[in-house]
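This report refers to the structure that appears directly beneath it.
We count residues from 1, following the sequence as given.
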Amino acid sequence: MNLGPWGDLTILAAVMEMVFATCVFVYISRLERRTSHPLGEQVGAHKAVLAKLRKREPMSQDEVDYATELVDDARSPLAYAIPAALFTIGFFYVVGCLFVLHIHGGHPSFRTFIGGIPMLTSMNMAGQLRRVARLKGKLPTPSAPASESSDELARA
């Protein structure tokens, strides 16, 4: 059975959507199982902490911990499954419409390319995740507390 290029792309998009949806389910399940940071319960804390981190402003230890959590979440490969799943939904819609038009005849209309909206949205989401993930270099390095034994050795 030959479905043509649009049919093959539609099947590929459906399979990839199932893969990405499974990855999203795993990622969200992991996020729900862990204990949330107290700053995560405050409205606007996410934006405020990331703004402080971008500007390298001084932060409290709670803010540093929360920023580390946010950056680590954005650096997770599974986090990128969310925009990938959204992109694949739009792609499936577009190639599915083109496949139906190929089978039954007709010309693409504006409705055929409505799937481009979630595709563009997903690229924005991936860019936002990438911008947060790049903040890892701006995270303050934890300073090791000076132990008394090293001071004693230095004096001797």
Quick check for you: to the nearest 0.5 Å, what is the distance between [X] atom [atom1] and [Y] atom [atom2]?
X	Y	atom1	atom2	value
H37	T68	NE2	OG1	8.5 Å
R131	Q128	CZ	CD	4.5 Å
T112	L101	OG1	CG	5.0 Å
N124	L86	CG	CG	10.5 Å
Y27	F20	OH	CZ	15.5 Å
L39	D65	CG	CG	9.0 Å

Practice task
For M123, look at atom CE and say whether over 12 heavy atoms of other residues, nucleotides or ligands are found less than 6.0 Å away.
Solution key: yes
Practice task
Flag yes if more than 12 heavy atoms outside R111 fall under 6.0 Å of its CZ atom; otherwise flag no.
Solution key: no
With clusters defined by side-chain heavy atoms of hydrophobic residues (ILVMFWY) lying less than 4.5 Å apart, directly or transitively, does [Y] cluster with [X]?
X	Y	answer
F91	L3	yes
M119	F113	yes
V26	L31	yes
L129	V71	no
I117	L120	no

Handout entry: P38 backbone acceptor or donor facing Y66 side chain under 3.5 Å
Key = no
Practice task
Output yes when a side-chain donor or acceptor of S76 lies under 3.5 Å from a complementary backbone atom of D73, and no otherwise.
Solution key: no
Which atom pairs, one a donor and one an acceptor, fall under 3.5 Å between side chains of residues 40-55 and the rest of the protein, sequence neighbours left out?
unit_1: E41; atom_1: OE2; unit_2: S36; atom_2: OG; d: 3.1
unit_1: K52; atom_1: NZ; unit_2: E63; atom_2: OE1; d: 3.2
unit_1: K52; atom_1: NZ; unit_2: E63; atom_2: OE2; d: 3.0

Exercise for the section: Begin from the C-alpha positions of Y80 and R130 and carry the test side chain to side chain contact (heavy atoms under 4.5 Å, CB included) through to its verdict. Expected result: CA-CA 9 Å; Y80 292 93; R130 189 70 202 125; 3.9 Å; yes
Problem - D72 vs K136 side-chain heavy atoms within contact, under 4.5 Å - result: yes
For residues 7-16, tabulate all N or O donor-acceptor pairs below 3.5 Å that involve a side-chain atom, not counting sequence neighbours.
unit_1: T10; atom_1: OG1; unit_2: W6; atom_2: O; d: 2.7
unit_1: T10; atom_1: OG1; unit_2: V95; atom_2: O; d: 3.3

Where is the tightest heavy-atom contact between [X] and [Y], given as atom of each residue plus distance?
X	Y	answer
E17	A85	OE1-O, 2.7 Å
A79	A74	CB-O, 4.4 Å
A81	C23	CB-CB, 3.5 Å

Exercise for the section: Quick one: do V94 and L98 satisfy side chain to side chain contact (heavy atoms under 4.5 Å, CB included)? Show the steps, please. Expected result: CA-CA 6 Å; V94 170; L98 291 172; 4.0 Å; yes
